[in-house]
Amino acid sequence: MALAHWRSLSMSPSQLSLAHVLKSGQSFRWTLTRLAPPEKVSQDIDLATEEYSLCLSDRLVVLRQTATQLYYQAIFPASSASAAFTTDPKLDRTTIEWIKKYFQLDVDLVQLESDWAARDQVYSKGKQVGTLLPGVRVLNQDPWECLFGFICSSNNNIARITSMVQSAAHHFSPPLLTYQPPPSSQVTGGAIAAAASDMTVSANPKAYHPFPPPSSFTDASTVPTLLSLGFGYRSKFIHQTARLLVESHSDPQKYLESLRALPTDKAREALLEFTGVGPKVADCVLLMSLGKKEVVPLDVHVVGFAERLYGLRTGGKGKGMTKSVYGITQSKLREVWGDWAGWTQAVLFASDLPFLMSSIANPTTRPIKPVKIKVLPKIESSESSIITSFSVEAKGELTLEGVLASERINKRETVERIGQGESKPSSLELEAESMGDRIKRRRRGEL
DNA sequence: CAGGTC
DNA sequence: GCTGG
């Protein structure tokens, strides 16, 4: 078993935060291990508190992150002739190249965020108030994995999607290797600490499985197996999608990759041919595995933003959300956010996840004085008509008051048109909400 | 109720 | 409407 062949890349957490992006519901495949505190901190890597690992077809990619560095190493099966740990410079180079592509490190996220803040008041407000997570970028995933994951995502939550995808890999693909993150203290020396297999001090080395190809799901036994694994009605979707892929294309994965070269609309059409793939799932695949950076998938969270933060009428989640409203809402958001709107969406989406927000939202040390923002009422379904007054105010002075004033205007118009009902504010809004409003809601029994 | 779809 | 974190 390999050990201690870390290399590192200079990396600011504002450009890439593993802790944020790998838990934000883009990829469902990463394994997270919390590291025990080292006995003594003798080098930078000892400061890392978590390790992340992903099993590729031939190796396990292992990552750790500190305030200044991204540490990486590849672990190969012991049977591989090229040694159990990678000293082979050629193999090492392929790992760093994979990392650069997967995390799209050629894209300057900090620059993008500065652009978004300059063009979108809602975004700049969130940046000022401190409710937007840093280091959230769009991953460039394997299209088949991405397609599989998001077929599983319908009417489902991130935790269960993750467990489903993991169990699929475990039951449909043989293990590549077993591995257990060594304690930091063992890592620091760079020595081999696990020479013998009788070193049973460690309890459970974990088996890592590559993600199974489409052909693994074409057998008739697939559906009952997936059902037994808890895939529910998605079992049939997976099987049918895999069959269509395998029957229509000699190299299914290469076919999916080829969609990258098509215009966005054509690529979306192709994806919609698969069972279990609707507009939302197709858009996720386009954005997160086919390089369509401008695509904004509209899920319940983003629909919530569109309504409450941007005053767009969408007709609510799922039901009532007609195809044309989906498209209009998308184009409006793309108008506000620009050519990288899909990336903007990723930041807002991640920042709205409660289990991630807790990592930066510390109620005792509020970044600014709480200000009053009223929450837009819930919008009842009704046909067509996006709020016409929707627009981004001209640049100029970008004071917080100005931002809030314009939001109040939006709110009033929405109330007049649509009437009563109230939606739960997201954590984004809660941060900038007055204590008074918070108490009011609590009295109503909502929190 | 959850990153919707048939 | 599947189903479990």
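To find a chain, count down the sequence lines: A is the first, B the second, and so on, and within it residues start at 1.
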**Fill in**
Picking from B/dG3, B/dC6, B/dT5, the nucleotide nearest the side-chain atoms of A/Q345 would be B/dG3
**A/K23 NZ - B/dA2 C1' separation (whole Å)** = 20 Å
**Protein-nucleotide distance (A/K323, atom NZ; B/dG4, atom C1'), rounded to Å** = 13 Å
**Asked** Out of A/Y310, A/Y123, A/F305, A/W116, which one pairs with A/W337 under the ring-ring contact (aromatic ring centres under 6.0 Å, His included) rule?
**Response** A/Y310
**Covered region of DNA chain C, 5' end to 3' end, by chain A [heavy atoms, under 4.0 Å]** = C/dC2 to C/dG5
**Asked** How close or far is atom C1' of B/dG4 from atom NE2 of A/H301, stated in whole angstroms?
**Response** 13 Å
**Carboxylate-amine/guanidinium proximity below 4.0 Å for A/K293 and A/D339** = no
**Message:** Do the side chains of A/D265 and A/R268 get close enough for a salt bridge, i.e. N-O under 4.0 angstrom?
**Reply:** yes
**Prompt:** With a centroid cutoff of 5.5 Å and a plane-angle limit of 30°, would you call A/F150 stacked on B/dG3?
**Reply:** no
**Message:** Rounded to the nearest 0.5 Å, what separates atom CG in A/L348 from atom CG in A/L353?
**Reply:** 11.0 Å
**Item:** Sugar-phosphate only, base, or nothing, as touched by A/V277 at under 4.0 Å among non-hydrogen atoms
**Value:** sugar-phosphate
**Request:** Quick one: label A/G278 by what it contacts on the DNA or RNA (base, sugar-phosphate, nothing), any heavy atom closer than 4.0 Å.
**Result:** sugar-phosphate
**Message:** Please compare A/V302 and A/F274 by the position of their nearest nucleotide in DNA chain B and report the one closer to 5'.
**Reply:** A/V302
**Item:** Worked check of side chain to side chain donor-acceptor pair (under 3.5 Å) between A/Y179 and A/S53
**Value:** CA-CA 10 Å; A/Y179 167 77; A/S53 47; over 6 Å; no
**Item:** A/F237 CZ - B/dC6 P separation (whole Å)
**Value:** 6 Å
**Asked** So, A/R334 side chain and A/V295 main chain: donor-acceptor pair closer than 3.5 Å or not?
**Response** no
**Request:** Measure the distance from CZ on A/R160 to C1' on B/dG4 and round it to the nearest whole Å.
**Result:** 13 Å
**Request:** Measure the shortest side-chain to side-chain distance between A/T225 and A/D219 over non-hydrogen atoms and say whether it is less than 4.5 angstrom.
**Result:** no
**Request:** Let me know the distance between NZ of A/K280 and P of B/dA2, rounded to the nearest Å.
**Result:** 13 Å
**Item:** A/R137 vs A/Q15, side chain to side chain donor-acceptor pair (under 3.5 Å): CA-CA, chis, key distance, verdict
**Value:** CA-CA 8 Å; A/R137 51 177 57 242; A/Q15 283 290 353; 3.0 Å; yes
**Message:** Requiring both pairing distances under 3.5 angstrom, list the stems that contain DNA chain B and are made of three or more consecutive Watson-Crick or G-U pairs.
**Reply:** none
**Prompt:** By a strict heavy-atom criterion of less than 4.0 Å, which residues belonging to residues 209-234 of chain A are in contact with DNA chain B?
**Reply:** A/Y233
**Request:** By nearest nucleotide on DNA chain C, pick out whichever of A/A159 and A/N156 is the more 5' one.
**Result:** A/N156
**Asked** Which part of the nucleic acid does A/M164 contact within heavy-atom distance under 4.0 Å: base, sugar-phosphate only, or nothing?
**Response** nothing
**Request:** Apply the test side chain to side chain donor-acceptor pair (under 3.5 Å) to residues A/T222 and A/R243: give CA-CA distance (whole Å), side-chain angles for both, the deciding distance (0.1 Å), then the verdict.
**Result:** CA-CA 11 Å; A/T222 296; A/R243 279 186 61 108; over 6 Å; no
**Prompt:** At under 4.0 Å between heavy atoms, what does A/T162 touch on the DNA or RNA strands: base, sugar-phosphate, or nothing?
**Reply:** nothing
**Asked** How long is the span from the CE atom in A/M321 to the CG atom in A/L298, to the nearest 0.5 Å?
**Response** 4.5 Å
**Prompt:** Quick one: A/I238 CD1 to B/dT5 P, roughly how many Å, whole number?
**Reply:** 13 Å
**Request:** Answer whether the closest heavy-atom distance between the side chains of A/R34 and A/L32 falls below 4.5 Å.
**Result:** yes
**Asked** A/Q240 CD to B/dT5 C1': how many Å, rounded?
**Response** 12 Å
**Prompt:** Can A/K236 be said to sit on top of A/Y233's aromatic six-ring, NZ or CZ under 6.0 Å from centre and within 45° of the ring axis?
**Reply:** no
